[in-house]
2 protein chains.
Amino acid sequence: MAALRSDAARSRERILDVARREDPSDLRFNHIAREAGVGVGTVYRHFPTAHALTEALAAETLSAMVTISRDAAAESDDATALRAFVGAALQLQLENGGLQAVLLSPDDEDSSVREMKREIFATFTTVLDRARRSGVVRPDLSVEQIEHLICGMEHAVRLGSPEHRGTFLDVLMAGLRA
Amino acid sequence: MAALRSDAARSRERILDVARREDPSDLRFNHIAREAGVGVGTVYRHFPTAHALTEALAAETLSAMVTISRDAAAESDDATALRAFVGAALQLQLENGGLQAVLLSPDDEDSSVREMKREIFATFTTVLDRARRSGVVRPDLSVEQIEHLICGMEHAVRLGSPEHRGTFLDVLMAGLRA
DNA sequence: CGTTAAACGGATACTTCATCCGCTTCACGA
DNA sequence: TCGTGAAGCGGATGAAGTATCCGTTTAACG
């Protein structure tokens, strides 16, 4: 990432500040531009596509997820580690509405996003392997399938009240058991 | 529903035939009109909103769901009845991409849709009550929460391959258990 | 300061949506 | 069979939103 000119850096931050408050699944570039006090062209130059903007918004949540996933992996009890990981993923996906799309997207435009995703999936693979070996999870579920199940739970929570998160996480964890 | 004039009935069927083949979450009226060989105005007259069209498409699936839910309720084993109901709901929602929206919508434009939904939810309430009484399901889950969980599973299956439906249904049913 | 490349803004052309109304077709009674 | 009016049809059209392009402005640096 070449150093940004000061005005460019300012524009970028203004745009991100506004975009954070918008519905991640319905980013309107013209509207964001007006709110941010910049021209539409400026928004499109910084973020050529809606997905590029979603990725930029996801970057900080993703960085938190890296930390949390390391912590989960450090947990000594295999079942607890799995629950910590899945619970954190669900929580963060609920907090950042664009995260699901970024996690599921096969090709990332931003290379730091790609690297963080790689680490998260690698860590999860380790945690899941441990859980499988100690027999606390169905052996036929893949990392990908569990990610999809987490996205499904995110969707379910969004349909109702956020306070159902705990219950739905319990349902998922019980369902994952061998 | 006042009797339709013959040309109106023909237009309606043509529109529904085309719409059935489209992505239910992205119904483009102009496109449907062109494909169906009718004017855009005709599409809008028959279906004032995308939701009205989605409802019409959901009607036949909903009618199948009424039958299946009665069958499930007739099942003597409480746990089996619950699984039959949830499994059928998941299956039908996967077959008809617009069904989720219609089931979740609080106000239906079509009265027959409203009536079918009423019966389905009433039947499910009975099935769930039985399951609760015989202790085969967590007592703290409401009909609404379970519907949301089914929608979540639908989402999860759609993210991957349809062949994961069975596995994901198993995960959900295991998670629902007390 | 002067220079230049980077960044900016917003007019504009383009796409898609949904309405409205003059024309056509159907149903029905004579 | 035909006349009549209500119902239905079509697509031109204005509104709304998207993404690009290029003349102007601004930052960075010697």
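Chain letters run A, B, ... following the sequence lines, proteins first and then strands; every chain starts at 1.
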Once hydrogens and angles are ignored, does a donor-acceptor distance under 3.5 Å link the base of D/dA28 to the side chain of A/Arg5? no
How would you label the contact of B/Arg10 with the nucleic acid (heavy atoms, under 4.0 Å): base, sugar-phosphate, or nothing? sugar-phosphate
Would you mind reading off the distance between B/Arg12 atom CZ and D/dG8 atom P, rounded to a whole angstrom? 12 Å
Describe, in one word, how the ring planes of B/His155 and A/His155 are oriented to each other, choosing from parallel (under 30°), tilted (30 to 60°) and perpendicular (over 60°). parallel
N/O contacts under 3.5 Å, protein versus nucleotides 13-24 of chain D?
unit_1 : atom_1 : unit_2  : atom_2 : d
D/dA19 : OP2    : A/Tyr44 : OH     : 2.7

Which heavy atom of A/Asp107 sits nearest a heavy atom of A/Glu55, and at what distance? O-OE2, 4.3 Å
A/Thr49 vs A/Glu109, test: side-chain hydrogen bond (donor to acceptor under 3.5 Å, both in side chains). Steps then yes/no. CA-CA 10 Å; A/Thr49 65; A/Glu109 303 178 24; 3.3 Å; yes
Just how far, in rounded Å, is P of C/dA5 from CG of A/Leu4? 18 Å
Within the structure, does a side-chain N or O atom of A/Ser6 lie under 4.0 Å from either OP1 or OP2 of D/dA28? yes
B/Phe47 CZ - C/dA18 P separation (whole Å): 15 Å
Please confirm whether the shortest side-chain N or O distance from B/Ser11 to OP1 or OP2 of D/dC9 is below 4.0 Å. yes
Does B/His46 make a side-chain N or O approach to OP1 or OP2 of D/dC9 shorter than 4.0 Å? yes
Could you state the atom-to-atom distance from CZ of B/Arg34 to P of D/dA12 in whole Å? 13 Å
Which residues share a salt bridge (Lys or Arg N to Asp or Glu O under 4.0 Å) with A/Glu154, sequence neighbours left out: A/Arg158
Just by modelled atom types, is the A/Val102 backbone N or O under 3.5 Å from a matching donor or acceptor in the A/Lys117 side chain? yes
B/Asp7 CG to C/dT25 C1', in whole Å, measures 6 Å
Spell out, as yes or no, whether a donor-acceptor pair under 3.5 Å connects the side chain of B/Asp110 to the backbone of B/Ser112. yes
